[in-house]
Amino acid sequence: MEAAQLFTLGLAIILFLAVFRRRIMHGRAMAKPALIEISDSAAARTAMIDHADAFSNRPLTLFPVALVTGQRRRRGDSISSAQYGPLWRALRCNLTSEALHPSRFDQLAPLQRESIAALVASLSATVAGSNGDVVVRDSVHAAVFGLVARLCFGDLVGDARQLLAMRRVMQEFVRAIGEANVFARSWLTKLVYWRRWRRFLGYRGQQAAFFLPLVSERERRRRSGCCNDGGIRPYVDTLIDLRVPDDDDNDKDDMVSLLSEFLGASTESAVSCIEWALAHLVTQQEIQKKLRREITGAHGEGVVSEERLRSLPYLHAVVLESLRLHPPVPFLMRDVHTEGVAVGMDTVPVGGTRVHFLIRDMARDRKDWTDPDEFQPERFLAGGEAEGVGAVPGPKEIRMMPFGAGRRYCPGAGMGMMHVKCFLAALVREFEWADGGGDVDFTELDGFFKVMKTPLRAHVKRST
Ligand code: HEM
């Protein structure tokens, strides 16, 4: 072998070893922590309430693969992924004291009325143009997203085409994170599915391309004083004004993540819940009629006000029962580093552990629920086995937790319940729902949010 060949071979070996060594070191650093799965409600209560401090962090990357990469980023960049501490507190407090403050709910009525009118008009047109068989998800998604986008960006998102394009980017992104598990396995899967991987990394850029010009435009309009948001301060304004002490990392990445979180968390869970609830109303006509009687008895035309929504116990029970059987977020994640804390039958080992709380299994546990797989809203009414059980568990017991529990429970629970109730109430008041000529398929899609695998097709006609 000649000297040049030997040199090339030696160089190739050195390079190979260098890469291989990096992989090993990287693999060690990224080694997955031990995983404990909890589906027992008493164990969940002990962990989330008695050991709230230990259970206040999610994994650094929420999705199976990190979306924001690079040396600089060492901590969370949205409320969901921020580590428990000053940054998380500032971001969460900003959301709950502004956009999600309960005192705002009644102010939202005009926007809700608009979104509901758009939904009813779009469904009526679809029904008129078909034999009455409708796949309902996209119309509901459009209506909920339209409302949420207004709460997020104010009057900037008036243009229907722009709104649709933004909605598609968000839908693609949510679908992609649901499928991201495949990329988490190894670098080889990224190589094999490189086209999908490249597309996956591209969603982040597409979101930035949509959101950041809106943020700049919003800043410009605020300076010139020509915003008209009907008295509702949009979420983006609160983020523009937000100053987080000691945070030198509060950059455009954070802005994109926070806006994406607001749009995604508010829309996907609500749409999932509305569709599951409708699916049960289609198959259980008695429950649908009883619900319609309550809604039409409660008011005449237009949107049901927040105050009225609160006074409709059967609607509340239907929504809770839907969330019990089909929690849109199927499990909660925590990273626990307090050695020795008991988690069910296990204790947290040295080096910490990852804990998954299986919300769905917990709410179908036979020791806590009678006929747990049946859709029976009555269980939440006075005298029922779940009378007094709410959407968010109190400190004494956890029977179900569709909005999570402990320090990191969902700050949007109140707003989420209100959105689901106001759209569901309108859909049941305005239309009668029957099955679309085939059995309703209750199979769940295995994604980040648990939606119906086969979107609900129903036979719909206007209520008489
Ligand atoms: C039906 C509607 C909704 C459901 C079922 C839902 C469910 C959840 C769940 C299960 C969690 C995890 C809680 C935990 O780990 O303990 C969560 C967290 C969160 N949700 Fe929601 N959510 C809904 C609506 C909303 C809305 C309207 C917003 C408004 C922006 C929102 C924003 C968030 C945020 C920011 C977090 C992270 C909280 C933190 O880490 O401190 N959600 N949600």
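Each ligand, and each atom within it, is numbered from 1 in the order the structure gives. Computation of the quantities below employed the complete heavy-atom set of this structure, encompassing side-chain atoms and omitting hydrogens, waters and symmetry-equivalent molecules.
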Tabulation required: pairs of a nitrogen or oxygen in ligand 1 and a protein nitrogen or oxygen under 3.5 Å; columns are atom names and distance to 0.1 Å; otherwise 'none'.
from: ligand 1; atom 1: 15 (O); to: Arg58; atom 2: NH2; distance (Å): 2.9
from: ligand 1; atom 1: 15 (O); to: Arg334; atom 2: NH1; distance (Å): 2.8
from: ligand 1; atom 1: 15 (O); to: Arg334; atom 2: NH2; distance (Å): 3.2
from: ligand 1; atom 1: 16 (O); to: Arg334; atom 2: NH2; distance (Å): 2.7
from: ligand 1; atom 1: 16 (O); to: Ala405; atom 2: N; distance (Å): 3.2
from: ligand 1; atom 1: 16 (O); to: Ala405; atom 2: O; distance (Å): 3.4
from: ligand 1; atom 1: 16 (O); to: Arg408; atom 2: O; distance (Å): 3.3
from: ligand 1; atom 1: 40 (O); to: Arg58; atom 2: NH1; distance (Å): 2.6
from: ligand 1; atom 1: 40 (O); to: Arg58; atom 2: NH2; distance (Å): 3.3
from: ligand 1; atom 1: 40 (O); to: Arg408; atom 2: NE; distance (Å): 2.9
from: ligand 1; atom 1: 40 (O); to: Arg408; atom 2: NH2; distance (Å): 3.1
from: ligand 1; atom 1: 41 (O); to: Trp88; atom 2: NE1; distance (Å): 2.8
from: ligand 1; atom 1: 41 (O); to: Arg92; atom 2: NH1; distance (Å): 2.8
from: ligand 1; atom 1: 41 (O); to: Arg408; atom 2: NE; distance (Å): 3.3

Residue list, side chain to side chain donor-acceptor pair (under 3.5 Å) with Arg360, at least two apart or on another chain: Glu444

Distance flag, aromatic centroids of Tyr409 and Phe403, threshold under 6.0 Å: no

Carboxylate-amine/guanidinium contact Asp155 Arg221, below 4.0 Å: yes

ring-ring contact (aromatic ring centres under 6.0 Å, His included) partners of Phe145, counting only residues at least two apart: none

Ionic contact status for Asp138 with Arg168, cut-off 4.0 Å: yes

Summary of side-chain hydrogen bond (donor to acceptor under 3.5 Å, both in side chains) pairs that have at least one residue in residues 34-48, sequence neighbours excluded: Asp40-Lys367, Ser41-Asp368, Arg45-Asp50

